[in-house]
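Shown next, in structure tokens, is the structure this report addresses.
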Amino acid sequence: MKIASWNVNSLKVRLPQVLDWLGERQPDILALQETKLTDPDFPTLDIASAGYQAAFVGQKTYNGVAVLSRLPLGETVADLPGLDDPQRRVLGVTVGGVRVINLYVPNGQSVGSDKYTYKLNWLDKLAQWLETELTRHPRLIALGDFNIAPEDRDVHDPAAWAGQILCSDAERAAFRRLLDLGLQDAFRRFPQEENTFSWWDYRAAGFRRNLGLRIDHLLLSPALAATCTACWVDKAPRRLERPSDHAPVIAEFDLELH
DNA sequence: ATGGTGGTCACACCA
């Protein structure tokens, strides 16, 4: 069983790449962020033709999340409890006994800005909700674009990024709080090459020079972590023409969904 | 100093 996360930065533009990638990698579940589509515009038929059902919640221009699955989708939720938020950033779905929580964490813009305050409050509400969800669902994965580089080794130039947005102490503390709930960073359960990232700025030839950050994560409950056999970043789609600025991250499990 | 989107054809907003 494979579960993946990919911030596609417009599903309208990236749909051909997503369909190709589904065919190549054959994930059981794919969580998408930044679809930037309203629900009537979601490409349900194209995705069904590829063999996947879809749950989605979107808005015009910004945000938007979706979960694609080969198996039927169960209980769905699209809001963080305690946060009255028109921004479509959360989609929880139960698939084959696994609780899948797809997240597009706010970017935060810059430390100290209004958007930064919103991000930290959002992460506080997220932690409270995940604590509850973990009591209800032993097998849980919280995955997506967290917009947080958890440690200096997740940053191409830690000195330049020190204290900056995506790397600030408060953001990293919010990420650690999720780990303190018992969630495990799937990527760090396995040996990895140094300077492996999941996002590279479009500007200044960031990808070619590997000036990236690891901000896309798959966090596993203990029961799910026990079955995880691999976690890796697939850089291939980032090399294509007109790529997303993020690469997909995949976790593999010794587990059959049913 | 790039890219996606929207609403206009030049630029603002967001990442």
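From a predicted model like this one, the values you see are computed outputs, not experimental measurements. A, B, ... follow the sequence lines: proteins, then strands. Residue 1 opens every chain.
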**Study point:** Paired and unpaired positions of DNA chain B as dot-bracket, Watson-Crick or G-U wobble under 3.5 Å, | denoting a partner strand
**Key:** .(((((....)))))

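- Among the candidates A:W21, A:Y104, A:W199, the single residue satisfying the ring-ring contact (aromatic ring centres under 6.0 Å, His included) test with A:W6 is A:W21.
- Here B:dG4 presents its P atom at 12 Å from CD of A:E241, a figure rounded to the nearest Å.
- Judged by distance alone, the side chains of A:W232 and A:E252 do bring a donor and an acceptor atom under 3.5 Å apart.
- Scanning for ring-ring contact (aromatic ring centres under 6.0 Å, His included) contacts around A:W129 gives an empty result, with sequence neighbours left out.
- Less than 4.0 Å separates DNA chain B from no heavy atom of any residue of residues 163-176 of chain A.
- A 4.5 Å side-chain heavy-atom check between A:K36 and A:Y62 finds every atom pair outside the cut-off.
- In this structure, A:E171 pairs ionically with A:K119, as a charged nitrogen and a carboxylate oxygen lie closer than 4.0 Å.
- Rounding to the nearest 0.5 Å gives a distance of 6.5 Å between OG of A:S10 and CG of A:L37.
- Phosphate contact (OP1/OP2 of B:dT2, side-chain N/O of A:R242, threshold under 4.0 Å): absent.
- Listed by chain and residue number, A:F175, A:H217 satisfy the ring-ring contact (aromatic ring centres under 6.0 Å, His included) test with A:F146 (two or more places apart in sequence, or in another chain).
- A:S244 and A:N9 form no side-chain donor-acceptor contact under 3.5 Å, judged by distance and modelled atom types alone.
- Nucleotides B:dC13 and B:dT8 are separated by 15 Å at their C1' atoms, to the nearest Å.
- Atom CG of A:L240 is separated from atom C1' of B:dG3 by 16 Å (rounded to the nearest Å).
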Can you name the atoms? Protein N/O to nucleotides 13-15 of chain B N/O, anything below 3.5 Å, with the distance.
residue: B:dC14; atom: OP2; partner: A:K115; partner atom: NZ; Å: 3.1
residue: B:dC14; atom: O5'; partner: A:K115; partner atom: NZ; Å: 3.3

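- Each of A:R88, A:R89, A:E34, A:Q33 was scored for a side chain to side chain donor-acceptor pair (under 3.5 Å) with A:N63, with one residue passing: A:R89.
- The closest side-chain heavy-atom distance from A:L22 to A:L30 is below 4.5 Å.
- Residues of residues 116-126 of chain A having a heavy atom closer than 4.0 Å to DNA chain B: none are found.
- Remark: the separation of the P atoms in B:dA15 and B:dA1 is 22 Å, to the nearest Å.
- Between the side chains of A:S168 and A:Y116, at least one donor-acceptor pair of N or O atoms lies under 3.5 Å.
- Between A:L140 and A:I101 the shortest side-chain heavy-atom distance falls below 4.5 Å.
- When each of A:N102, A:V98, A:I29 is checked for a side chain to side chain contact (heavy atoms under 4.5 Å, CB included) with A:I141, only A:V98 meets the rule.
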